[in-house]
Number of protein chains: 2
Amino acid sequence: MEAVARLDACTTTEPDEARVAATRDRLVTPEEAARLAELFRLLGDPTRAQLLYALLEAGELCVCDLTETVDVSDTAVSHALRLLRTAGIVASRRSGRMIYYRLADAHVRMLLDLSREHLRHG
Amino acid sequence: MEAVARLDACTTTEPDEARVAATRDRLVTPEEAARLAELFRLLGDPTRAQLLYALLEAGELCVCDLTETVDVSDTAVSHALRLLRTAGIVASRRSGRMIYYRLADAHVRMLLDLSREHLRHG
DNA sequence: TTATCATTTGAGCATCTGTTCAGGAGTTGA
DNA sequence: TCAACTCCTGAACAGATGCTCAAATGATAA
């Protein structure tokens, strides 16, 4: 494993383009950053966050139960769930009239869990 | 460790308020969800994400070097950094004319690292 | 001092977001 | 068939967001 260099010099007083370029190569690409930002953006709304943490606890919930956990209309919940489903953050299954939502994968669960721990005793 | 119950019944056809309430108690509170959402929201912008991942790699960078890593003005970078600093996501130190930014704590680094791994081979 | 550099601040503005409202689609049971 | 129920879709709109521009602050050097 390579030690991380600290870039001390600003390009104007001392170009140091080489180090900046070297760092840039090991960086996430702008495209990766955009995809990561998109993931975080979807978690970064109070309503969606509440829905996700409800699913983290309950495992699986239908829309009408999810609506109980937040303070917006069922329509708003549906819109929120569509965004999360399209992004692959949650998955759904129909059973009769109801549609049950769950977190899509273990990575999402880890992310939510780590963040919650961070907030509670970080 | 307690098994997670699946809530099958919608409140209208069969109230089941008890199970919903029990789940709600173990939930993050709306206030916690709001704080978590705020954290994610700040990571959920392409410019800020690029800056944060640059800091994750480089350890510490001045504003002028950070400006090189994104495609916006130095003013926009400064605005972005202020938001991150105010939220305690990054920290800064002055050295001469320059101000160096770094990730504030290990939790933030873990969060960024986990997310990146999620995207790359998730 | 004066000039220059690195960074910040505040204003203005176009764009994006999340909500509600009204209506539609799919499912169940009478 | 019909009505009731669960959930979704599209439109419209207030409010938030992120950018640039212009100007200010703090630090170094002549």
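None of these values were measured; they are calculated from a predicted model. Here is how names work: the chains are called A, B, and so on, in the same order as the sequence lines, proteins then strands, and each is numbered from 1.
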Legend entry - Distance in angstrom units between R93(B) CZ and dT7(C) C1', rounded: 15 Å

Inset, instruction - Determine: side-chain N/O of Y101(B) to OP1/OP2 of dA6(C), distance under 4.0 Å, yes or no. - result: no

Legend entry - Between dT27(C) (P) and I99(A) (CD1): distance, integer Å: 9 Å

Inset, instruction - Provide, to the nearest angstrom, the distance between the CZ atom belonging to R85(A) and the P atom belonging to dC7(D). - result: 12 Å

Legend entry - Rounded distance in Å - CE (M98(A)) to C1' (dT6(D)): 8 Å

Legend entry - Heavy-atom pair of closest approach, residues T47(B) and V70(B): O-CG1, 4.0 Å

Inset, instruction - Look at the side chain of C64(A) and decide which nucleotide, out of dC7(D), dT9(C), dT9(D), has an atom nearest to it. - result: dC7(D)

Identify each donor-acceptor pair in which a side-chain atom of residues 79-91 of chain B lies under 3.5 Å from a protein atom, sequence neighbours left out, and give them as a table.
| from | atom 1 | to | atom 2 | distance (Å) |
| --- | --- | --- | --- | --- |
| R85(B) | NE | Y101(B) | OH | 3.3 |
| R85(B) | NH2 | Y101(B) | OH | 3.4 |
| T86(B) | OG1 | R82(B) | O | 2.8 |

Legend entry - Contacts of D113(A) that satisfy side chain to side chain donor-acceptor pair (under 3.5 Å) - sequence neighbours left out: R116(A)

Inset, instruction - Can you pull out how bent the helix from dT1(C)-dA30(D) to dA30(C)-dT1(D) is, comparing the axes over its first five and last five pairs, to 10°? - result: 20°

Legend entry - Exercise: identify the closest heavy-atom pair between Q50(B) and P30(A): NE2-CG, 3.8 Å

Legend entry - Side-chain donor or acceptor of R94(B) paired with backbone N/O of G96(B) under 3.5 Å: yes

Inset, instruction - Determine, for nucleotides 12-22 of chain C in 5'-to-3' order, which nucleotides have protein heavy atoms under 4.0 Å from the base (write B), from only the sugar-phosphate (write S), or from neither (write -). - result: -----SSSBBB

Legend entry - Test side chain to side chain contact (heavy atoms under 4.5 Å, CB included) applied to S73(A) - qualifying residues, sequence neighbours left out: T75(A), A76(A)

Legend entry - Partner set under side chain to side chain donor-acceptor pair (under 3.5 Å) for R41(A), not counting sequence neighbours: E38(A)

Inset, instruction - Rounded off to whole Å, could you give me the CZ-to-C1' distance for the R82(B) and dA11(C) pair? - result: 13 Å

Inset, instruction - Check whether any side-chain heavy atom of L43(B) sits under 4.5 Å from a side-chain heavy atom of L111(B), and report yes or no. - result: yes

Legend entry - Smallest separation among heavy atoms of E32(B) and V28(B), with atom names: OE1-CA, 3.3 Å

Inset, instruction - Output all residues satisfying side chain to side chain contact (heavy atoms under 4.5 Å, CB included) with S78(B), sequence neighbours left out; order by chain, then residue number. - result: none

Inset, instruction - In whole angstrom, give the distance that lies between atom CG of L84(A) and atom P of dC8(D). - result: 12 Å

Listing time: all N or O pairs from protein to nucleotides 25-30 of chain D that are below 3.5 Å?
| from | atom 1 | to | atom 2 | distance (Å) |
| --- | --- | --- | --- | --- |
| dT28(D) | O2 | R97(B) | NH1 | 3.3 |

Legend entry - Those residues that, when tested against A37(B), pass side chain to side chain contact (heavy atoms under 4.5 Å, CB included) (two or more places apart): P46(A), A49(A)

